[in-house]
Structures are given as structure tokens and as C-alpha cells.
Amino acid sequence: ETAESLAKYVSEQTAIYRVCSIIPLASFVLPLALITTDFVKVSENASDKSFLSNYALNTMKLLFPISLVIAAVLHFGSDWILWVFGEEYQGNGELISVFALAVIGAFTLRIPFGNLLSAVGKANWNAYISFGVLVLNMVLNYYLVGKMGILGAAWATTILIWISGVVNY
């Protein structure tokens with residue numbers, strides 16, 4: 001293979017990855033909007049463990065079912081979603097399904113608890129977690145992309161969202 005054909009292949013794979021991730025990752029704005037709206041109220045009650053526990057539980061009760069619905073729509077609607085973007089993206093629905101799993105982790109753990117850390121004055125924990133995820137991202141992508149191509153990159157992203165969510169929790 002020539003350098004030119006390799007560059008074309010990488011460019012095509014990058015475009016597929018971007019198209020398959022755009023809608024699932026854009027859905028993260030929903031829990032962000034909810035959490036941002038409550039940020040001041042949560043900050044005011046940062047020392048009230050009962051309030052924080054109830055808030056976290058109620059947020060999870062709300063966002064988990066929403067994430068399941070969005071994930072189901074993404075999974076079962078992946079062919080239609082890709083059809084909207086064009087024929088060249090057909091046959092990559094599995095990528096959207098992997099990102100659908102990331103939606104569940106982000107809605108349920110990563111976004112609510114990451115923002116709760118900031119609201120209670122522990123924003124520096126988010127920085128430490130992000131640094132750890134960055135290092136793990138390099139390792140996972142090196143291994144998974146080498147083994148599975150762009151599907152491996154999608155799995156790396158999904159795994160990292162879940163890991164950061166669990167650590168934030």
C-alpha cells in the first residue's frame with residue numbers, strides 16, 4: 001500500500017467514527033442542562049450529606065431511564081441514522097450501538113457525579129480523574145484500535161466514560 005492510499009483509508013475511517021459518534025455524544029447535553037440548572041442549589045447544600053444523597057439518587061432515577069430510551073433509539077435506529085448521513089456510512093451501526101452504551105454511563109454516572117464533585121468544591125478531583133483517563137485513553141486506544149480499528153476506538157471511548165463515571169461516583 002502506498003502512503004496515499006493509507007492516508008485515504010485513515011481519513012475515511014475517521015469520518016465514519018465522527019459520524020457514528022456525533023449524535024450519541026451530542027445527547028450528553030441533556031444531563032448537562034439538568035445538572036447545570038441545579039448547580040447553585042447543590043453548591044448551597046454542599047455540606048448536607050442527606051441532600052446530596054437524595055439529589056444523586058433522584059438524578060439517577062431520572063436520567064437512567066432516559067439514557068435507556070436514547071440508547072435503544074440509537075441502537076435500533078442506527079441504520080436510519082447512518083442513512084441520513086449518506087450511503088458511504090451504511091454498515092457501521094455497530095459503532096453507534098457501542099456509543100449507545102456510553103450514553104448510559106455518561107447519563108447515569110459520569111455527568112451527574114462529575115458535576116457534583118465541582119458543586120461540592122472538589123473540582124480538582126475532576127482534573128485528577130481526567131488525567132488518569134487521558135493516560136488510560138492512550139493505552140486503550142493503542143491496544144483496541146490496533147486490534148479492532150475504529151470499533152476499538154469506540155469501545156475505548158465507552159469504557160473510559162464508564163470508568164470515569166464509576167470513579168466520580
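Source: prediction; values computed, not measured.
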* Taking only residues two or more places apart in sequence, or in another chain, which ones meet Thr108 in a side-chain hydrogen bond (donor to acceptor under 3.5 Å, both in side chains)? -> none

* Asked: side chain to side chain contact (heavy atoms under 4.5 Å, CB included) with Ser47: which residues, sequence neighbours excluded?
  -> none

* **side-chain hydrogen bond (donor to acceptor under 3.5 Å, both in side chains) involving Asn137 - partner list, sequence neighbours excluded** => Asn141

* To do: Check each of Ile163, Ile111, Ile129 against Asn168 using the side-chain contact (heavy atoms from CB on, under 4.5 Å) test, and report the only one that passes.
  => Ile129

* Asked: For Ser53, which residues count as a side-chain hydrogen bond (donor to acceptor under 3.5 Å, both in side chains) partner, sequence neighbours excluded?
  -> none

* Answer yes or no: does atom OH of Tyr143 have more than 12 heavy-atom neighbours from other residues, nucleotides or ligands under 6.0 Å? => no

* State plainly whether one hydrophobic cluster holds both Phe99 and Phe85, where clusters connect Ile, Leu, Val, Met, Phe, Trp and Tyr through side-chain heavy atoms under 4.5 angstrom apart. => yes

Output a table of donor-acceptor pairs, distance under 3.5 Å, between side-chain atoms of residues 117-127 and any protein atom two or more places apart or on a different chain; print 'none' if there are none.
unit_1	atom_1	unit_2	atom_2	d
Ser118	OG	Asn126	ND2	3.1
Asn126	ND2	Gly114	O	2.8

If you look only at distance, which donor and acceptor atoms sit under 3.5 Å apart when one is on a side chain in residues 18-33 and the other is two or more places apart or in another chain?
unit_1	atom_1	unit_2	atom_2	d
Ser21	OG	Tyr17	O	3.1
Ser21	OG	Arg18	O	3.2
Ser27	OG	Pro24	O	2.5

* Asked: Do you know which two heavy atoms are closest between Pro112 and Ile35, and how far apart they sit?
  -> CA-CD1, 4.0 Å

* Please assess Asn115 against Val42 for the test side chain to side chain contact (heavy atoms under 4.5 Å, CB included), listing each intermediate value before the final yes or no. => CA-CA 10 Å; Asn115 283 288; Val42 174; over 6 Å; no

* Under a 4.5 Å side-chain heavy-atom rule over Ile, Leu, Val, Met, Phe, Trp and Tyr, are Val166 and Leu136 clustered together? -> yes

* About how many Å separate CG of Asn92 and CD1 of Ile16, when rounded to the nearest 0.5 Å? -> 4.5 Å

* Among residues two or more places apart or on two chains, list those pairs meeting ring-ring contact (aromatic ring centres under 6.0 Å, His included) that have a residue in residues 147-169. => Phe113-Tyr169

* Asked: Transitively linked via ILVMFWY side-chain contacts under 4.5 Å: Leu95 with Val10?
  -> no

Please report, to 0.1 Å, the donor-acceptor pairs under 3.5 Å made by any side chain of residues 146-153, with sequence neighbours excluded.
none

* Excluding sequence neighbours, so at least two apart, what forms side chain to side chain contact (heavy atoms under 4.5 Å, CB included) with Gln90? -> Leu82, Trp83

* To do: Please indicate whether Glu94 has more than 12 foreign heavy atoms, meaning atoms of other residues, nucleotides or ligands, lying under 6.0 Å from its CD.
  => no

* Asked: Linking I/L/V/M/F/W/Y whenever their side-chain heavy atoms sit closer than 4.5 Å, directly or via other members, would Leu144 and Met138 fall into one cluster?
  -> no

* Linked, directly or transitively: Ile81 and Val84 (ILVMFWY side chains, under 4.5 Å) -> yes

* Separation between CD1 of Ile96 and OH of Tyr89, rounded to the nearest 0.5 Å -> 11.5 Å

* Asked: Quick one: side-chain hydrogen bond (donor to acceptor under 3.5 Å, both in side chains) partners of Ser164, sequence neighbours excluded?
  -> Arg110

Please tabulate, for side-chain N and O atoms in residues 54-75, each donor-acceptor pair with protein atoms closer than 3.5 Å (sequence neighbours left out).
unit_1	atom_1	unit_2	atom_2	d
Asn54	ND2	Ser50	O	3.3
Tyr55	OH	Asp38	OD2	2.9
Asn58	ND2	Asn54	O	3.1
Thr59	OG1	Tyr55	O	2.7
Ser67	OG	Leu63	O	3.4
Ser67	OG	Phe64	O	2.7
His75	ND1	Ser97	OG	2.6

* Structure fact -> Minimal heavy-atom distance between Leu52 and Ala46, with the atoms involved, is CD1-O, 3.3 Å

* Could I get the full list of side chain to side chain contact (heavy atoms under 4.5 Å, CB included) partners for Ser11, not counting sequence neighbours? => none

